[in-house]
Number of protein chains: 2
Amino acid sequence: MPDWEDLRHFAAFAREGTLSAAARALGVDHATVARRIVALEASTGLKLVDRRARTTTLTDDGRRIATAAAPMEEAAFAVGRAARAAQPGVDGEVTISAPPTFASAVIAPRLIQLRQRHPGIRIKLIGEKRRASLSRREADVALRLLRPVESGLFVRRLGSFGFSLYATPAYLKDTPPHAFAFIGYDATMADSPQEVWLRTIVGDREVVLRTNDLETQIAAARSGLGIAALPHYLGDGDACLQRHAVTQRPIRRDVWLLVHRDLRQVPAVRAVMTFLGECMNGG
Amino acid sequence: MPDWEDLRHFAAFAREGTLSAAARALGVDHATVARRIVALEASTGLKLVDRRARTTTLTDDGRRIATAAAPMEEAAFAVGRAARAAQPGVDGEVTISAPPTFASAVIAPRLIQLRQRHPGIRIKLIGEKRRASLSRREADVALRLLRPVESGLFVRRLGSFGFSLYATPAYLKDTPPHAFAFIGYDATMADSPQEVWLRTIVGDREVVLRTNDLETQIAAARSGLGIAALPHYLGDGDACLQRHAVTQRPIRRDVWLLVHRDLRQVPAVRAVMTFLGECMNGG
DNA sequence: TCTTCCATGTGAGATTTTGCACAATGCCCG
DNA sequence: CGGGCATTGTGCAAAATCTCACATGGAAGA
C-alpha cells in the first residue's frame, strides 16, 4: 500500500501540472513534491513522470495512477466537510465567494451586523470572478449570477438586482443623447446579459472604453468619460454618479446562493446564509 | 485539509478497534497510531476517540469521520490495483488465497510447473479458512468453494472435486460396517455440504472425533481411529488410506476462481489463473 | 542575441516522526 | 482474589523528512 501523503502530493502535481505549482497549492517546497513522487514511483515500481530539463510531465502510467487517485482527493474533501459539519456551535470560520463588486459593495459593509449577531464567526470573503469550487472547499458558501449545474450542491435564489445607465450629472447635462459615449465590457464578457442589454441601447453610438473590470468602468464614468451600465448596488450608492433613464426594458440578474449539502446544516454556515439573504432583501 | 497519513492511521484504527491492532495491521508501532490520531484531532478540532484506561473507543464524531474516510481507503486500494495492473510483463508477485488443504495438496505440488513456465513470477500462497478480501488486496487471486456475491470481482467456475469415505485398509477389513466409527467436522462446519452428506451415511453410528481441521481428520483416520469423509485430492493421494464405497449418491463441490476486475488483465495474474485451471482439470 | 523569469535538481541543517523500552492500567480466568 | 495478558501512555535516541539556499537549464520577450 502506497503512502497516502505520497498520493496526495502526486495528485496535486497531476492536477497542477508542474512541481512548483503543486508545491504552491500544497503549501510546501517543490523539493518535497519531487521527492514524494520519487517515493511513490519506488513503492509502485512504475515510472510516473518524465523528467525532462525544466519540465516534468506525467507518463501514461502516471495518468492512470492519477486517475485512480482522484477519487481519493474527492473523499478527502468529504472528510474535511464532515469535520467542518461536526463543529458544534456557531463559531468558526466561514469562507464566502462572491463576485468582486458584490463582495465589496454589498456584503462587506454589512458584515458588522453579522459580527454583532454572532461574535464567534470569522469570515473570509473572497471576491473573484473565477468560480471557487465548493466541493474542493475553496469556499463554504458562494454567490453566483448563474444557476450552477454541479451536483452535491444546495442552491437557493436569494433575489435579484437591476442595472441602469450611470454617468456624472455634469456629463448628462452637457451631452446630447445622440452624442453619448459608452463604457462597456470587453470581448470576454460580450455574452453577459447586461452587455447584451447595453448593446441594444448603444445602437451606433460610440463605445469609448471596453474593460473587463467593473471598478475601472466606475472610475471612468466618474471622471466624465461617458456612460456605463452598472448594477444598482454600485451606481445608486455613488455620489458622483446619476442614473440615466432609458426606454428599453430594464434588466435584472438573479443572485444564487450555493452551499455544499454537507455544510448546509452547520450553524455558522446557516447564520451566514441568513445574513446573505438579508443583504439581498432586507437591510 | 487533514494529513492523509493521519487519515490512513485513523481509518485503520476505526476498522480494527484498538490502537495495537491497527498498529499491527499497518506495520507500525502503536505509539505512532496514537500520535497520528492526536494529530488528526488537532487538525479537525474534534475529539475523535475516548481515551479510557486500557481502551480507546470512537466518539460519535469519530464514527462520522471514519465513515467519511472509508471511501478513501477504498480509493487507495484502487490505486494499488491500478499500480499492479500497470506492471508490464509476467514478472511480479501474485498472492493466491485458497482453502488450506487445497493449497498444500493441489496447488503447492504443481507450483514447480508454473515456475518453469514463468520464472519471473513469485507466488505467495495463503491457505486460510477466513476469506481473504480481494478488494483490500489481501490476495490477488482466490479459490473458494462458494460462489461469492461481492461486486467488482470476476468469478469463474474452475471445476469440482468429489468426496469419499476413507480409512486404513486394515480398519475396513477388520471392522463390520455396523460398527464403523466416524470422524467429522465440529459444529462450526455443521452446515457444510460434505458434513451434511456424511451425516446421512453415519446414521446412528458413532462419531468418535469432531474437529474443524481436515489435517487432523486425516491424521486420525491414518491412525486407524475410524472413517473420514475426505476430498479425493487428499484421500486418493494418501498411501495409508483406502476408499470405502457407499450407496449414497456421491457429493461434489464446485471450486470458484475469483479475481478483481482491475487485475484480471495483468499478465502475471492471467498466467496464475491459467495455471490454477490446469491444477483443477489438466495436470 | 541577450536578459529575465520560472521550473527543477541538489546538498546541509533543522525539524519532525518513528521505534523502542518501560511503566501503568484494567480485564479474563482459574 | 491474584496472576497473567493485552492495551495504552511516555521519554529518548535514531531515522526520515522538510525547508532553505543555491545551482542549472531552458523558454519567452526585448
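So that the names make sense, note that chain A is the first sequence line, chain B the second, and so on, each numbered from 1.
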Take the protein atom CZ of B/F13 and the nucleotide atom P of D/dT8, then report the distance between them rounded to whole Å.
7 Å
Counting the atoms with a prime plus P, OP1 and OP2 as sugar-phosphate, which does A/A21 contact under 4.0 Å by heavy atoms, base, sugar-phosphate, or nothing?
nothing
Between A/R36 and A/E41, is there a salt bridge with N-O shorter than 4.0 Å?
no
Nucleotide D/dT17, atom P - distance to CH2 of B/W4 in whole Å:
18 Å
Side chain of B/S20 only, heavy atoms from C-beta on: which candidate in D/dT7, D/dA21, C/dA7 is closest?
D/dT7
Selection from C/dA7, D/dT10, D/dG9 that lies nearest to any side-chain heavy atom of A/R24:
C/dA7
Nearest-Å distance, NE2 (A/H9) to C1' (D/dT19)?
12 Å
Nearest whole Å is fine: how far is D/dA16 P from A/E5 CD?
18 Å
Taking donor-acceptor contacts at under 3.5 Å, does the side chain of B/R52 reach the base of C/dT25?
no
Is the phosphate of C/dG19, meaning OP1 or OP2, less than 4.0 Å from a side-chain N or O of B/T32?
yes
Rounded distance [0.5 Å steps], CD1 in A/I218 versus CG in A/D213:
8.5 Å
Atom CG of B/D29 to atom P of C/dT18: distance rounded to whole Å?
10 Å
The nucleotide from C/dT18, D/dC20, C/dG19 with an atom nearest the side chain of B/R36 is C/dT18
Under a 4.0 Å threshold between the charged nitrogen and the carboxylate oxygen, would B/R8 count as salt-bridged to A/E5?
no
Looking at every strand, decide which applies to A/T18 at a 4.0 Å heavy-atom threshold: base, sugar-phosphate, or nothing.
sugar-phosphate
What's the CZ-P distance between B/R51 and C/dG26, to the nearest Å?
16 Å
Would you mind checking if B/R24 and B/E16 are paired as a salt bridge, meaning a charged N to carboxylate O distance below 4.0 Å?
no
Under a 4.0 Å N-O cut-off, is there an ion pair linking A/R137 with A/E93?
no
What is the distance from NE2 of B/H30 to P of C/dC20, rounded to the nearest Å?
10 Å
So, does B/T56 get its side chain near the phosphate of D/dT8, meaning an N or O under 4.0 Å from OP1 or OP2?
yes
For A/L58 and C/dT8, what is the distance between atoms CG and P respectively, to the nearest whole Å?
12 Å
Has the side chain of B/R35 got a donor or acceptor that lies under 3.5 Å from a partner of the other kind on the base of C/dG19?
yes
